[in-house]
Amino acid sequence: MQELTLPGRMILLPGYGCDGRVFGPQRRAFGDRLETPDWLKPEAGESIGHYAERWAQLLSKPGDDRPLALGGLSLGGVVAQEMARVIEPTPSVVLLIASTQKPDRWRLPVQLGELFGRFVPAASANKVASLMSLGYAMRDGLDDDGKKLARAMAKDMDPAFIKWAGRAALDWPGVKPTDRAMPPTYHIHGQHDWVIDAADQADEVIELGRHTINLTHPSSVNRFLFEHFMKHVPGVQDEYPDIENPRLTAQRRLVLEGAPAGTPMV
């Protein structure tokens, strides 16, 4: 009997305006082997690189011999790339969801939002972020539950993080694909992502997908995460037939779309 069980530990970092709740479809698919931590409180003026180092200290498990996949959504993918250099053990693979490896791919709405955020008082930051998140959710075509989730996550965000994240993202220097310190990195992106212009650099592009593709196209994103993790775990690939195998596609898709982890595949 086959199961869609991760071969080790997977950590996914949320996007700006989000927390671990944004990965609901992924948690339902992969269960407790998927960790979805919430953002740390930033220090004044710190870079994304320094922020990632502090976060890595909390998430590291030295001596843990399980394979580790590290990834993130949007800004979380940016932080994940910096974290991959220092977290222990070294990740087997880095998985980017609607993110980028280049610093110049943030679209105009992000740049204008960061500029506007400079003048928003900290006391009003959550209200403004909640309204903006609702607008983003509507533009991405999320259902009513998705819109409620977006507003709730923004409402619960640390105002200090709201004020810090936009500037830090725009100041990020990027990661060179040839950087030898980086594990193998794979990227899935929406064709019509209006937040990050990076479909041209992605390994997989979701047709008509926008930014929150892990919510709008969970089966595609979950398959991407699972298969690229398996690709870098020696000795286990043969135990997991390809998800697109016609004999397994229907059963596996049930899990990929949110059935509980451990659901029988055959």
Side-chain angles (χ1 to χ4, degrees), residues 11-20 22 36-60 69-87 90-91 93-118 120 125 129 132-133 136 153-154 157-190 193-203 211-214:
I11 301 173
L12 294 180
L13 308 181
Y16 176 76
C18 305
D19 55 39
V22 76
T36 56
D38 296 338
W39 292 103
L40 295 179
K41 186 180 182 68
E43 297 177 351
E46 76 175 326
S47 67
I48 281 181
H50 186 265
Y51 182 91
E53 288 180 9
R54 290 198 298 116
W55 209 357
Q57 291 177 2
L58 297 177
L59 296 175
S60 288
L70 176 64
L73 168 66
S74 191
L75 178 61
V78 168
V79 178
Q81 291 174 83
E82 294 292 333
M83 189 184 294
R85 306 171 188 270
V86 292
I87 194 170
T90 300
V93 63
V94 174
L95 303 168
L96 306 180
I97 306 168
S99 191
T100 181
Q101 292 183 293
K102 298 181 179 181
D104 59 349
R105 295 306 182 99
W106 303 100
R107 290 189 184 270
L108 185 60
V110 177
Q111 300 176 42
L112 293 178
E114 191 281 325
L115 182 62
F116 176 70
R118 297 183 192 184
V120 175
M132 292 179 64
S133 291
Y136 294 166
M153 290 188 295
M157 283 183 67
D158 178 1
F161 179 83
I162 295 175
K163 299 285 286 184
W164 168 80
R167 182 72 263 158
L170 294 179
D171 287 344
W172 178 61
V175 172
K176 296 179 180 179
T178 56
D179 189 338
R180 294 184 180 180
M182 283 295 294
T185 301
Y186 300 94
H187 177 187
I188 187 169
H189 212 79
D193 190 315
W194 54 279
V195 176
I196 298 177
D197 179 16
D200 64 314
Q201 64 181 221
D203 298 285
H211 192 57
T212 50
I213 51 176
N214 66 299

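Numbering starts at 1 and runs along the sequence shown. Nothing here was measured: the structure is a model prediction, and the numbers come from that model.
- One distance of note links CG of Asp38 with CG of Asp158; it measures 11.5 Å at 0.5 Å rounding.
- Once rounded to the nearest 0.5 Å, the distance linking CD1 of Ile97 with CG of Leu13 reads 10.0 Å.
- Formation of a donor-acceptor pair under 3.5 Å by the His189 side chain with backbone atoms of Asp200 is not found in this model.
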(Q) What verdict does the side chain to side chain contact (heavy atoms under 4.5 Å, CB included) test give for Val94 and Met182, after you've listed the backbone C-alpha separation in whole Å, the side-chain angles of each residue and the deciding distance to 0.1 Å? (A) CA-CA 8 Å; Val94 174; Met182 283 295 294; 4.2 Å; yes

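- Shown here for Glu82 and Trp172, the closest heavy-atom pair between the two residues is OE2-NE1, 2.9 Å.
- Using the six-membered ring where Trp is involved, Tyr51 and Trp55 have ring planes that are perpendicular, over 60° apart on the 30 and 60° scheme.
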Q: Determine, stepwise, if the pair Arg107 / Val195 fulfils side chain to side chain contact (heavy atoms under 4.5 Å, CB included).
A: CA-CA 5 Å; Arg107 290 189 184 270; Val195 176; 5.9 Å; no

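- With rounding to the nearest 0.5 Å, the separation of CH2 in Trp194 from CG in Leu108 is 11.5 Å.
- The heavy-atom pair separating Ala165 from Leu75 by the smallest distance is CB-CD2, 3.9 Å.
- Note that CG of Leu95 and CG of Leu73 are 12.5 Å apart. Values are rounded to the nearest 0.5 Å.
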Q: Determine, step by step, whether Asn214 and Val22 satisfy the side chain to side chain contact (heavy atoms under 4.5 Å, CB included) criterion, reporting the C-alpha distance in whole Å, the side-chain angles of both residues, the deciding distance to 0.1 Å, and the verdict.
A: CA-CA 8 Å; Asn214 66 299; Val22 76; 4.2 Å; yes

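- The shortest distance between side-chain heavy atoms of Pro37 and Ile11 falls below 4.5 Å.
- Atom CD in Glu46 sits 4.0 Å away from atom CZ in Arg54 (nearest 0.5 Å).
- Across all non-hydrogen atoms, the minimal contact from Val175 to Arg85 is CG2-NH2, 3.7 Å.
- Side-chain rings of Trp39 and Tyr16 stay apart, their centers remaining 6.0 Å or farther from each other.
- With 3.5 Å as the limit, one finds no donor-acceptor pair spanning the side chains of His187 and Asp203.
- Of the possible donor and acceptor atoms, none in the side chain of Ser74 sits under 3.5 Å from a partner among the backbone N and O of Gly15.
- Nearest approach of Ser99 to Ala198, heavy atoms of both residues: O-CB, 3.6 Å.
- For the pair Leu96 and Tyr186, the minimum side-chain heavy-atom distance is 4.5 Å or more.
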Q) Is there a side chain to side chain contact (heavy atoms under 4.5 Å, CB included) between Val93 and Thr185 once you walk through the steps? A) CA-CA 6 Å; Val93 63; Thr185 301; over 6 Å; no

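- Classification of Arg105 and Asp193 as a salt-bridged pair fails, no side-chain N sitting under 4.0 Å from a carboxylate O.
- In this structure, Gln81 CD and Gln101 CD are separated by 5.0 Å, a value rounded to the nearest 0.5 Å.
- Nearest heavy atom pair, residue Ile162 against residue Ala154, reads CD1-O, 4.5 Å.
- Smallest separation of non-hydrogen atoms from Ser47 and Trp164: O-CZ2, 4.2 Å.
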